Amino acid sequence: MKIYNTLTGRKETFSPLTPGTVNMYVCGVTVYDVCHIGHARSAVVFDTIRRYFRYRGFGIRFVKNFTDIDDKIIGRAAKEGIPWDQVAKKYIEKYYEDMHRLGVEDADLEPRATGHIPEIIDIVKGLVEKGHAYVMEGDVYFSVPSFPGYGKLSGRRLEDMLAGARVEVDERKKNPMDFALWKSSKEGEPAWGSPWGPGRPGWHIECSAMVLKHLGETIDIHAGGADLVFPHHENEIAQSEAYTGKPFVRYWMHNGFITVNKEKMSKSLGNFFTLEEILERFDAESVRLFLLQTHYRSPIEFSNEPLEEAEHTLERFYQSLERLEDFLTAGSQGKKECVPAGFEEAEGVLASFRERFMQAMDDDFNTALAIGHIFELVKEINRFLDARPAGPKAEGLMSRAKRELAEAAGVLNVFGRTPAQWQRALLRIKKLGMDEAAIEKLIEERRQARAQKDWARADAIRANLDEKGITLEDKAGSTAWRVKI
RNA sequence: GGCGACGUAGCCAAGUGGUAAGGCAGAGGUCUGCAAAACCUUUAUCCAGCGGUUCGAAUCCGCUCGUCGCCUCCA
């Protein structure tokens, strides 16, 4: 298995510290507002990676935090007129709601900054004792020049950063690059007691504390969005390694951004789309597929078009799955065995499928390629079924195909529903104003018209449904309806 | 100003040394009462441009152009 490591800038063969088990920490969200599609990308990508590790037989301890105290939460509390911890609670709940819809599984552990104040204080104390941090009027700062490796993750040198001159000027810091480990609180702000007076933790220290407590001094994988590389992860390395004297993280993974008009989607630019509004218009599975159809490190341009394409892709998948299931359900009782000419080819594609799927995923979690392989198999299934096969040999092949698809689907956590569930979900999300019963009733009317060869009447019913967004498909013994995309 | 990434068909997107996956859209065909779907054929002599390394490069190196990111909170 190969993983691109931000620390070295290249793909490396993955081997965990303890063979067979992976310790992984993902930076979650700061809960001061609802999530946008960018947050979803990070969650979905690392959820998929976690699932793949399990699929490959690794034991994995997967930790994802919530930052539930910081300036933005305090600001939001003032704005909404509710206590800061109510802000955190509200947006944590919203986070779960959104992420569950996207098929993101809860982490094994979801620690919060405020649940680790004593651990944070211990580390800050230790850093002060070791001379890596200093106290200034109730604040504690990490001394960046005291840590020689500073800049190794983001690939920059201290001098270069200072030359940038966009660093805030804070006279109390000894060095402009120094960052807060502990912030004294003003009157009325949330505060915890500490050796330096009442205050709250700085942003970066919580992750160091939670990693250390729940996963250990050196962990295998630490992940998050690419915007966390600097300063957040750089600072985490500095404070953690200065404190423990051990390497902090072995593989750093960062996902790429979602862009809008080529620009990074962000709160400050105001060009973001919340998950709430996207999930109002698109089924969650379409969104998840949309996110996985691009390699996790590449940027994704956000717009309706690729989301609609993802719907198409799902439609194609579920239609083939339906054919496959119909074929298996019907069975070959009373039919003459027929092994079509394409049997060998189909068998070949099927036999190599799992291997190709794993090869793609082994290569830095190339979900886009893996999905491509799924569609090669889908095409082969369609082709095979087009040849009207019958008999145990064909059935055996197709039930194997079904199992293989289900297995891959389980890893990516897309393509996992039944075709009927997919259609119902589409019917709901597209708000066509028709329910299943009404559609079935019209299909029955049309069936009768067709039985009498009243083509005009049958076509009128079909046209009527088409106008409302429903396409009919006449199959061997029945008619299926589909939501037009 | 410093550091870095990316530029593949009409669109999306894989592909890091061996001769361009997959999807969408388009054209023609098979199937169908007609459709729809599916399948078949077809759609990049070529991977931003120019040089170089190599038997061989979209893939490695250099330069140019373009786009974006980080350097400030940020997934």
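Not measured: the values here are computed from a predicted model.
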Check ion pair K430(A)-D283(A) (N to O, under 4.0 angstrom):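 Salt bridge between K430(A) and D283(A), a charged N being under 4.0 Å from a carboxylate O: no.
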Under-4.0 Å salt bridge between R51(A) and D47(A):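 Looking at R51(A) and D47(A), the cut-off is met.
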[X] side-chain N/O to [N] phosphate OP1/OP2 under 4.0 Å:
X: N382(A); N: rC39(B); result: yes
X: R316(A); N: rA38(B); result: yes
X: R383(A); N: rA38(B); result: no
X: K475(A); N: rA38(B); result: no

Which base sits across from [N] as a Watson-Crick or G-U pair, both distances under 3.5 Å?
N: rU54(B); result: none
N: rC6(B); result: rG66(B)
N: rG1(B); result: rC71(B)
N: rA44(B); result: none

Stacking check W455(A) vs rG33(B) (5.5 Å / 30 deg): yes
Side-chain-base donor-acceptor pair under 3.5 Å for E309(A) and rG23(B):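 Flag set: donor-acceptor pair detected.
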N/O donor-acceptor pair, side chain R450(A) with base rG33(B), under 3.5 angstrom: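 Donor-acceptor pair under 3.5 Å: yes.
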Polar contact flag, side-chain donor to acceptor under 3.5 angstrom, E355(A)-S352(A): no
L228(A) or Y296(A), whichever maps to the more 5' nucleotide of RNA chain B: Y296(A)
Contact nearer the 5' end of RNA chain B, comparing A370(A) with E473(A):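 Its nucleotide being nearer the 5' end, the pick is A370(A).
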Student check: side-chain heavy atoms of L153(A) and T6(A) closer than 4.5 Å: yes
